[in-house]
Amino acid sequence: MRDFVFETQMPRVVFGTGALQHLPRELDALGATRALVLSTPGQIALAQRAAELLGPKAPGLFAQAAMHVPVEVARAACDEARRLGADCAIAIGGGSTTGLGKAIALESGLPVIAVPTTYAGSEMTTVYGLTEAGAKKTGRDPRVLPRTVIYDPELSLGLPFGMTVVSMLNAIAHAAEGLYASDANPVIDLMAEEGIRLGAIVLPALQRDPRDVEARGEALVAAWLCGTVMGSITVGLHHKLCHTLGGSFGLPHAETHTVVLPQALAYNAPAAPQALRRIAAALGTPTAPGGVFDLAARHGAATSLAAIGMREVDLDRAADLAVQTPYPNPRPLERGAVRELLQRAWEGTRPD
Ligand code: NAD
């Protein structure tokens, strides 16, 4: 039996088909009257819809959110919030947009309402990231946790299936690492198992029909559960590797999680057999690493680092960076074994 400490800090969650309509009510509940709506350039139409719902209570829209929150973008958004006298930020989009909302909260303490349209799960964590001169820094701060999260399955109906798959594998990665985290607890374990189970079963349904609103709803529940797990535990080797590969080699976030997860699980398998059994059971597959690999491959995702833009000559440096600073992981970090893991990930070898 493990010792554990259980403490929760969660946003208010409003879930439902068409739940975006509750945005004015949720803004009022925070006592806010001047919201700055945030999005990427590609989701500006959705951000405009949100702003229209709020009328004069949304005096501004900042649609320049970008992957990994470049500091220049964060500064520009903070300036805009100050100029408008904003008392709330509404982040509508994927993890990049949520990340921009968090950057504003970190600087100004403004409350954030997150309206996620992918499965990245950032809305449930106190983790923030900022990229300056090509280097990504992350940290934890309770101020950045959104106060309210609105999950509306209608808003992800148009998420392309390819992005749907890798985003869900990103979610599953949070839950998988939760099951062997040193600071997990029985409640988090349940959330992790259910998040993985739901994530795995919705992908075939969404492959058949990406506009299946029921399945989109279940996918958001999976994202919520998996994000909550990540927000509650200390992540290990898998997230560290993805952070290194994304931050230092520019690899795409969710795609990198998809490729690395089976290999990281195989690395940790000897040291975390019980967690691996639970992941496999949730996936409904004989083993966890093979099950995750097949889930990605079956739904058309890339399964090698080579296919997502990593150069083989950079693997040595990636291995060095990944073991540079110690962090908790079930199996000790051995540079040679991590280098082998990266080779298999680069080649896309299916683990057992
Ligand atoms: P993203 O937010 O970068 O989105 C990718 C693209 O898809 C964007 O152009 C976006 O506008 C578009 N998009 C989003 N939803 C869409 C939809 N429903 N339909 C059509 N297009 C849509 O990608 P992401 O994977 O959600 O987030 C990745 C970022 O989030 C990374 O920077 C990562 O570090 C961060 N993240 C942070 C945490 C945390 O806890 N801090 C957790 C997970 C991810």
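In this text the structure is predicted, and so the values were computed from the model without any measurement. This chain uses plain numbering: 1 for the first residue, then up along the sequence. Ligands are counted one by one from 1 in listed order, and the atoms in each one are counted from 1 as well.
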Query raised in the report: Which residue supplies the protein heavy atom nearest to atom 18 (N) of ligand 1, what is that atom called, and how far is it?
Result: T117 O, 3.1 Å
Report task. Walk me through it: do L341 and L241 pass the test side chain to side chain contact (heavy atoms under 4.5 Å, CB included)? Result -> CA-CA 10 Å; L341 179 171; L241 281 172; 3.8 Å; yes
Report task. Go through the side-chain N and O atoms of T126 and Q9 and say whether any donor and acceptor fall under 3.5 Å apart. Result -> no
Report task. Determine, counting only non-hydrogen atoms of the protein, whether one lies under 4.0 angstrom from atom 4 (O) of ligand 1. Result -> no
Requested in this report: Return yes when M124 approaches ligand 1 closer than 4.0 angstrom through a heavy atom, no otherwise.
Outcome: no
**Report entry** For atom 43 (C) of ligand 1, the protein heavy atom that lies nearest, with its residue and separation
**Finding:** A120 O, 3.3 Å
Query raised in the report: If you measure every N/O of S167 against every N/O of ligand 1, is any gap under 3.5 Å?
Result: no
Report task. Might you work through the salt bridge (Lys or Arg N to Asp or Glu O under 4.0 Å) test for D28 and K57, ending with a clear yes or no? Result -> CA-CA 10 Å; D28 289 349; K57 290 184 180 173; 2.8 Å; yes
Requested in this report: Give the numbers and elements of all ligand 1 atoms closer than 4.0 Å to a heavy atom of Q43.
Outcome: 10 (C), 11 (O), 13 (N), 14 (C), 15 (N), 16 (C), 17 (C), 22 (C)
Query raised in the report: Which ligand 1 atoms does K102 reach within 4.0 Å, using its non-hydrogen atoms?
Result: 39 (C), 40 (O), 41 (N)
Report task. Please indicate whether any nitrogen or oxygen in H174 is less than 3.5 Å from any nitrogen or oxygen in ligand 1. Result -> no
Query raised in the report: Do side-chain atoms of S156 reach the backbone of P153 as a donor and acceptor pair under 3.5 angstrom?
Result: yes
Query raised in the report: Which residue pairs satisfy the side chain to side chain donor-acceptor pair (under 3.5 Å) criterion with at least one member in residues 228-238, sequence neighbours excluded?
Result: D183-T234, H238-H257
Query raised in the report: Can an N or O of T118 be found at a distance shorter than 3.5 Å from an N or O of ligand 1?
Result: yes
Query - Residue and atom name of the nearest protein heavy atom (relative to atom 44 (C) of ligand 1), distance in Å to one decimal - result: H253 NE2, 3.5 Å
Query raised in the report: Going by distance only, is there an N or O of M67 that falls short of 3.5 Å from an N or O of ligand 1?
Result: no
Report task. Kindly confirm or rule out an N or O of G95 lying under 3.5 angstrom from an N or O of ligand 1. Result -> yes
Query raised in the report: Quick one: does M163 get a heavy atom under 4.0 Å from ligand 1?
Result: yes
Report task. Indicate the ring-plane relationship of H299 and F161, choosing parallel, tilted or perpendicular according to the 30° and 60° boundaries. Result -> perpendicular
Query raised in the report: If you measure only the distance, is there a donor-acceptor pair under 3.5 Å linking the side chains of R339 and Q343?
Result: yes
**Report entry** Sub-3.5 Å N/O-N/O distance, Y128 and ligand 1
**Finding:** no
**Report entry** Side-chain H-bond candidate by donor/acceptor type, T17 with R216, under 3.5 Å
**Finding:** no
Requested in this report: Starting from atom 1 (P) of ligand 1, find the nearest protein heavy-atom neighbour and note its residue, name and distance.
Outcome: S96 OG, 3.4 Å
Query raised in the report: side chain to side chain donor-acceptor pair (under 3.5 Å): which pairs involve residues 81-94, sequence neighbours left out?
Result: T33-D87, D79-R82, E80-R83, R82-E107
Query raised in the report: Backbone, side chain, both or neither: what part of T40 comes under 4.0 angstrom of ligand 1, heavy atoms only?
Result: side chain
Requested in this report: With heavy atoms under 4.0 Å as the rule, classify the contact between L155 and ligand 1 as side chain, backbone, both or neither.
Outcome: backbone
Query raised in the report: Does ligand 1 have an atom under 4.0 Å from some heavy atom of S156?
Result: yes
Query - Nearest protein heavy atom with distance in Å, relative to atom 34 (O) of ligand 1 - result: K136 NZ, 2.7 Å
**Report entry** T125 and ligand 1 - part of the residue with a heavy-atom distance under 4.0 Å
**Finding:** side chain
Query raised in the report: V127 heavy atoms, cut-off 4.0 Å: which ligand 1 atoms fall inside?
Result: 39 (C), 40 (O), 41 (N)
Query raised in the report: Salt bridge or not for E52 and R49, using N-O below 4.0 Å?
Result: no
Requested in this report: Would you please classify the geometry between the H253 ring and the H68 ring as parallel, tilted or perpendicular, with 30° and 60° separating the classes?
Outcome: perpendicular
Query - G94 versus T117, closest heavy-atom pair with distance - result: N-OG1, 3.6 Å
**Report entry** Backbone N/O of I92 and side chain of S39: donor-acceptor pair under 3.5 Å
**Finding:** no
Report summary line: Within the 4.0 Å heavy-atom cut-off, what E154 brings close to ligand 1 is neither
Requested in this report: Measure the shortest side-chain to side-chain distance between L169 and L295 over non-hydrogen atoms and say whether it is less than 4.5 angstrom.
Outcome: yes
Query raised in the report: Got the closest protein heavy atom to atom 38 (C) of ligand 1, with its distance?
Result: S122 CB, 3.4 Å
**Report entry** H68, portion touching ligand 1 at heavy-atom distance under 4.0 Å
**Finding:** both
